[in-house]
Amino acid sequence: MKNRMKEGGKSVYRIAVLAEQEAERQRYAEQITRFCEAKGLFPQVMQYDDQERFFETAQKEAPTNAVIALSGVAGLNAAEHLRSLCPACRMIWCSDLDFSLHAFRLRADYFLMKPVSEEAFQRGLNAWIE
């Protein structure tokens with residue numbers, strides 16, 4: 001997690017999780033928190049189910065990292081919009097459709113096809129710190 005914001009001399013990671021289902025958002029947030037704590041990092045993890053609120057917040061306070069887990073074209077649109085708003089944001093993108101070429105074009109750190117296993121998501125998180 002190379003990108004980080006400075007607040008009061010401290011490094012702050014703002015990690016956003018955008019997913020339609022509450023259980024999915026919660027699962028990703030918990031995995032992120034466990035992963036980061038094991039690395040001695042304590043990020044601010046925000047969960048969103050509403051793209052409008054997510055992008056409104058991103059414009060005010062850009063996330064350092066984001067997980068986008070939306071189905072279909074909604075995920076593609078969200079990934080493209082995030083990249084245009086926050087070019088330096090690290091991104092893991094989870095989709096039910098194979099948008100791997102788009103993910104490469106958008107410089108996503110990791111692209112995963114749903115259903116996403118814990119092990120696969122862990123590899124995505126590892127890509128953030130490499």
Side-chain angles (χ1 to χ4, degrees):
M1 295 193 197
K2 299 170 187 166
N3 294 348
R4 55 187 138 192
M5 305 292 178
K6 295 281 188 180
E7 285 183 6
K10 295 181 181 179
S11 295
V12 177
Y13 294 99
R14 288 191 182 93
I15 302 176
V17 178
L18 175 61
E20 295 141 329
Q21 303 298 319
E22 183 178 352
E24 186 178 26
R25 285 191 307 276
Q26 192 65 34
R27 187 177 76 244
Y28 290 137
E30 288 171 3
Q31 284 182 261
I32 291 165
T33 300
R34 281 195 312 270
F35 176 83
C36 289
E37 286 176 354
K39 304 287 182 194
L41 304 169
F42 301 93
Q44 178 185 51
V45 180
M46 303 296 295
Q47 298 179 41
Y48 301 91
D49 63 348
D50 175 15
Q51 286 191 56
E52 188 174 319
R53 194 168 57 90
F54 169 70
F55 289 118
E56 214 172 83
T57 303
Q59 285 180 319
K60 294 174 189 166
E61 293 181 315
T64 50
N65 303 66
V67 174
I68 294 179
L70 300 175
S71 297
V73 177
L76 173 61
N77 292 339
E80 287 177 334
H81 194 62
L82 177 62
R83 184 55 69 220
S84 70
L85 286 178
C86 309
C89 181
R90 308 291 304 266
M91 183 189 332
I92 295 174
W93 179 9
C94 309
S95 178
D96 59 337
L97 299 176
D98 187 357
F99 286 123
S100 54
L101 291 176
H102 292 284
F104 178 77
R105 178 181 56 83
L106 292 169
R107 299 180 332 278
D109 296 287
Y110 215 76
F111 177 79
L112 297 159
M113 290 284 295
K114 292 182 180 185
V116 176
S117 70
E118 190 166 335
E119 296 79 25
F121 191 70
Q122 185 80 26
R123 287 191 300 271
L125 294 173
N126 281 320
W128 277 351
I129 61 169
E130 291 176 348

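Computed from a predicted structure; not experimentally measured.
Ring geometry, Phe99 versus Trp93: the interplanar angle falls under 30°, so the pair is classed parallel (tilted spans 30 to 60°).
Looking only at distances, no side-chain donor or acceptor of Arg107 sits under 3.5 Å from a matching main-chain atom of Ala88. For the pair Asp96 (side chain) and Gly72 (backbone), a donor-acceptor distance under 3.5 Å is present. Not one N or O on the side chain of Arg25 forms a donor-acceptor pair closer than 3.5 Å with the backbone of Tyr28.
The two residues Cys94 and Lys114 come nearest to each other via the heavy atoms O-CE, 3.8 Å. A pairwise comparison of heavy atoms in Leu97 and Phe111 identifies O-CZ, 3.4 Å as the closest pair.
The distance from atom CD1 of Ile129 to atom CZ of Arg90, rounded to the nearest 0.5 Å, is 10.0 Å. Considering OG1 of Thr57 and CD of Glu52, their distance stands at 10.5 Å, rounded to 0.5 Å. If you take OH on Tyr13 and CD1 on Ile32, they are separated by 13.5 Å, rounding to the nearest 0.5 Å. Going from atom CG of Leu70 over to atom CG of Leu18 covers 4.0 Å, rounded to the nearest 0.5 Å. The distance from the CG atom of Leu112 to the CZ atom of Phe121 is 7.5 Å, given to the nearest 0.5 Å. Between the CG atom in Leu106 and the CD1 atom in Ile68 there is a gap of 9.0 Å [rounded to 0.5 Å].
Asn126 is not listed as a side-chain neighbour of Tyr110, based on a closest heavy-atom distance of 4.5 Å or more.
Contacts of Ala108 classified as side chain to side chain contact (heavy atoms under 4.5 Å, CB included), with partners at least two apart in sequence or in another chain: Met91, Ala103.
More than 12 non-hydrogen atoms from other residues, nucleotides or ligands lie less than 6.0 angstrom from CD of Glu80.
Hydrophobic clustering (side-chain heavy atoms under 4.5 Å, transitive across Ile, Leu, Val, Met, Phe, Trp, Tyr) groups Leu76 together with Leu85. No continuous path of hydrophobic side-chain contacts links Val67 to Phe54 [ILVMFWY only; heavy atoms under 4.5 Å].
For the ring-ring contact (aromatic ring centres under 6.0 Å, His included) condition, the pairs that include at least one residue of residues 72-91, sequence neighbours left out, are Phe55-His81.
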Identify each donor-acceptor pair in which a side-chain atom of residues 40-49 lies under 3.5 Å from a protein atom, sequence neighbours left out, and give them as a table.
unit_1	atom_1	unit_2	atom_2	d
Gln44	OE1	Arg14	NE	3.3
Gln47	NE2	Gln26	OE1	3.3

